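Every value quoted in this text rests on a predicted model; they were computed, and no experiment measured them.
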Amino acid sequence: MSTAESSEDEIQQKLSLAYEQIRKLKEKKEKLIEEVKKLKEKRREKVEKIRSIREQLMQVREELKSKVEEIRQLKAQKQNLVQVISEIRKEFEQLKNAEKVKEKLDPVQIMKKIEQLEWKLQTSTLSLEEEKRIILKIAELERKLQTAKKLASLKEKNVESKAELLAKRVELSNIRQKMLELGNQVAEKRKLLQQLKAERDKLKKELEDINNQIKTISDQIIIIKTDIENKSKEIQQLKDELKKIKESIKNAKNVTEIYQNQIKANPVNKEMIESKRKEIEEKLKTNKRLSFDELLILYYNQNDDNGEDSGNIH
């Protein structure tokens, strides 16, 4: 086998190795691409969950806001009811105080006494002292009359006030119960709000991790693509080199035919080439680099009498 043919085999081996390396790189790239696809699908699912949680958060916040506003309105109603109940109780206190009066406060009887005293003033001859006493008595009876009228009014209103007080107390109790229920609902909504926020934050962290994984794998894919491009360039260079070697071998065979024809036409040429061949062999023993012409002479002189390559030059 000639040196050129040996180089050709070496390049073929390099080509085979480069093709195998490209095949493995492409397989690795496809696996990484598939992994990225799976990660992107997981990312899409996480994004959908986060979107769903955000919608739930908005809904819960609206519900919470509505219930807090309802509680605020109920508090205002409760305050009004407490005020009304307080006023009704004051009226009962007034009635209670009026009932403590020992004297019998009969408006009709008081009016009669007042009329009698006034008639006496008008028809009787009285001293100034007696007249003054009667006037003071009438004034006192007038005050009692007012108290009696007020007492009568309070007594009339008593039944209505009691019914109103009972209704207001029932209403106040219902409001307090509803406020308690709303307070529990608000507490539940706030608890749910915190749970949703925690779940959202967890998903965000997982999403961030997935994005980092995608970036890391994408960077690996870019590196592999670069390696594939470099290997493709290497293969092209090897192909170009192989092409040159094949052309060299082809040219060498053509030159061999020319030398053979010269030797057949002139035996002296054969002796000269043989002498030159020996010099080249000595040079080869010293590991010196041979020129292309020297390689050809060494190669041609390894042919047998039929001009066939004996294949001893490597």
Tell me, do Ile50 and Arg54 make a side-chain contact under 4.5 Å, heavy atoms counted?
yes
Carboxylate-amine/guanidinium contact Lys132 Glu129, below 4.0 Å
no
Residue Leu128 excluded, over 12 heavy atoms near CG under 6.0 Å:
no
Check Glu63 with Lys67, please: is the shortest side-chain N to carboxylate O separation under 4.0 Å?
no
Glu62 backbone acceptor or donor facing Ser66 side chain under 3.5 Å
no
pair Ile134-Glu131: side-chain heavy atoms closer than 4.5 Å:
no
Please find the pair of heavy atoms, one from Leu32 and one from Ile217, that lie closest to each other, and give the distance.
O-CG2, 3.6 Å
Go through the steps for Glu241 and Lys244 under the test salt bridge (Lys or Arg N to Asp or Glu O under 4.0 Å), then give the verdict.
CA-CA 5 Å; Glu241 189 175 347; Lys244 289 179 181 178; over 6 Å; no
With a 4.0 Å cut-off, would you call Asp201 and Lys197 a salt bridge?
no
Once rounded to the nearest 0.5 Å, what's the spacing between atom CD1 of Ile11 and atom NZ of Lys239?
13.0 Å
Can Ile22 be reached from Ile223 by stepping across I, L, V, M, F, W or Y side chains whose heavy atoms are under 4.5 Å apart?
no
Do Ile114 and Ile135 share a hydrophobic cluster (ILVMFWY, side-chain heavy atoms under 4.5 Å, transitive)?
yes
Is Lys202 salt-bridged to Glu199, going by a charged N under 4.0 Å from an acidic O?
no
Rounded to the nearest 0.5 Å, how far apart are CD of Glu34 and CG of Leu39?
10.5 Å
salt_bridge(Glu130, Lys120) N-O dist < 4.0 Å
yes
Between Leu192 and Val60 the two heavy atoms that sit nearest each other are CD2-CG2, 3.7 Å
To the closest 0.5 Å, what do you measure between NZ (Lys24) and CD (Gln21)?
8.0 Å
Roughly how far, to the nearest 0.5 Å, is the CG atom of Leu17 from the CD1 atom of Ile235?
9.5 Å
What about Leu238 and Tyr19, same hydrophobic cluster or not, with Ile/Leu/Val/Met/Phe/Trp/Tyr joined at side-chain heavy-atom distances under 4.5 Å?
yes
State whether Glu30 and Lys26 are salt-bridged, where the test is any N-O pair (Lys NZ or Arg NE/NH1/NH2 against Asp/Glu carboxylate O) under 4.0 Å.
no
Could you check Leu207 against Asn211 for side-chain contact (heavy atoms from CB on, under 4.5 Å), going step by step and ending with a plain yes or no?
CA-CA 6 Å; Leu207 186 62; Asn211 284 332; 4.1 Å; yes
Does Ser86 use its side chain to pair, donor to acceptor, with the backbone of Val82 at less than 3.5 Å?
no
In terms of side-chain geometry, is the basic nitrogen of Lys178 or Glu70 positioned less than 4.0 Å from the acidic oxygen of its partner?
yes
Can you confirm whether the side chains of Asp240 and Gln236 place a donor and an acceptor under 3.5 Å from each other?
yes
Glu45 bridged to Lys42 by N-O distance under 4.0 Å
no
Backbone of Gln12 reached by a side-chain donor or acceptor of Ser16 within 3.5 Å
yes
Report yes or no: do Leu141 and Met111 belong to one cluster of Ile/Leu/Val/Met/Phe/Trp/Tyr joined by side chain heavy-atom distances under 4.5 Å?
yes
With salt bridge (Lys or Arg N to Asp or Glu O under 4.0 Å) as the criterion, how do Glu48 and Arg51 come out once you've worked through the C-alpha distance, each side chain's angles and the decisive distance to 0.1 Å?
CA-CA 5 Å; Glu48 286 297 323; Arg51 184 180 292 111; 2.7 Å; yes
Distance check, rounded to the nearest 0.5 Å: Glu181 atom CD versus Asn184 atom CG?
8.0 Å
Residue pair Val47, Leu203: steps toward the side-chain contact (heavy atoms from CB on, under 4.5 Å) verdict
CA-CA 8 Å; Val47 169; Leu203 287 169; over 6 Å; no
Quick one, Lys168 and Glu171 - any side-chain contact, counting heavy atoms below 4.5 Å?
yes
Between Lys144 and Glu140, is there a side-chain N and carboxylate O pair less than 4.0 Å apart?
yes
For Lys14 and Glu10: C-alpha separation, side-chain torsions, deciding distance, then whether salt bridge (Lys or Arg N to Asp or Glu O under 4.0 Å) applies.
CA-CA 6 Å; Lys14 288 181 178 180; Glu10 183 180 348; 3.8 Å; yes
Considering all heavy atoms of both residues, which atom of Ile175 and which atom of Leu74 are nearest to each other, and what is their separation?
CG2-O, 3.6 Å
Minimum-distance pair of heavy atoms, taken over all atoms of Leu196 and Ile53
O-CG2, 3.5 Å
From CA spacing to verdict: side-chain contact (heavy atoms from CB on, under 4.5 Å), Lys40, Val36
CA-CA 6 Å; Lys40 285 183 176 180; Val36 167; 3.6 Å; yes
Taken to the nearest 0.5 Å, the spacing of Arg133 CZ from Ser127 OG works out to 8.5 Å
When you check the side-chain N and O atoms of Glu142 and Gln146, is any donor under 3.5 Å from an acceptor?
no
Minimum heavy-atom distance Gly183-Ile71, with the two atoms named
N-CD1, 4.0 Å
All heavy atoms of Leu25 vs all of Ile224, minimum pair found to be O-CG2, 3.4 Å
Working for side-chain contact (heavy atoms from CB on, under 4.5 Å), residues Lys28 and Lys31:
CA-CA 5 Å; Lys28 186 176 181 181; Lys31 288 180 180 179; 5.7 Å; no
Electrostatic pair Glu234-Lys231, nearest N-O below 4.0 angstrom
yes
Any side-chain heavy atom of Glu55 sitting closer than 4.5 Å to one from Met58?
no
